[in-house]
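Start at 1 with the first residue, then count along the sequence.
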Amino acid sequence: MGWFTRLCRNTGLMIHHAAKPVAGGKQVISHQTQEQKVNDTMTLRRTTIEEIEVKPGPEESGDG
């Protein structure tokens, strides 16, 4: 593939991905924080974040 054809293809892909982004990414399902005061100067805190990450399949990535 020549440089001009590659330039045109990549420009078209860039515009396509800007107009219609790939359906993927992270979604936070739950966010929990637990706190326990040990004394006047110390507090223990535990934060749990549950996420779902969706990665595009081979037919959506544009590598083929």
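With sequence neighbours left out, Gln32 forms a side-chain contact (heavy atoms from CB on, under 4.5 Å) with no residue at all. Scored by the salt bridge (Lys or Arg N to Asp or Glu O under 4.0 Å) test, Glu35 finds Arg45 as partners (sequence neighbours excluded). Residues satisfying the side chain to side chain donor-acceptor pair (under 3.5 Å) test with Asn10, not counting sequence neighbours, are none. In terms of the side chain to side chain donor-acceptor pair (under 3.5 Å) criterion, residue partners of Thr41 (sequence neighbours excluded) are, by chain and number, Asn39.
Residues Thr5 and Arg9 fail the side-chain proximity criterion, which asks for heavy atoms closer than 4.5 Å.
For the atom pair NE2 of His31 and CD1 of Ile49, the computed distance is 4.5 Å after rounding to the nearest 0.5 Å.
Applying the salt bridge (Lys or Arg N to Asp or Glu O under 4.0 Å) test to every pair with at least one member in residues 10-19, sequence neighbours left out, gives no pairs at all.
Put simply, Val54 and Ile29 are part of the same group of oily side chains (I, L, V, M, F, W, Y) that touch within less than 4.5 Å, one to the next.
Within the hydrophobic cluster formed by Ile, Leu, Val, Met, Phe, Trp and Tyr side chains joined at under 4.5 Å, directly or through other members, Leu44 is accompanied by Val38, Met42.
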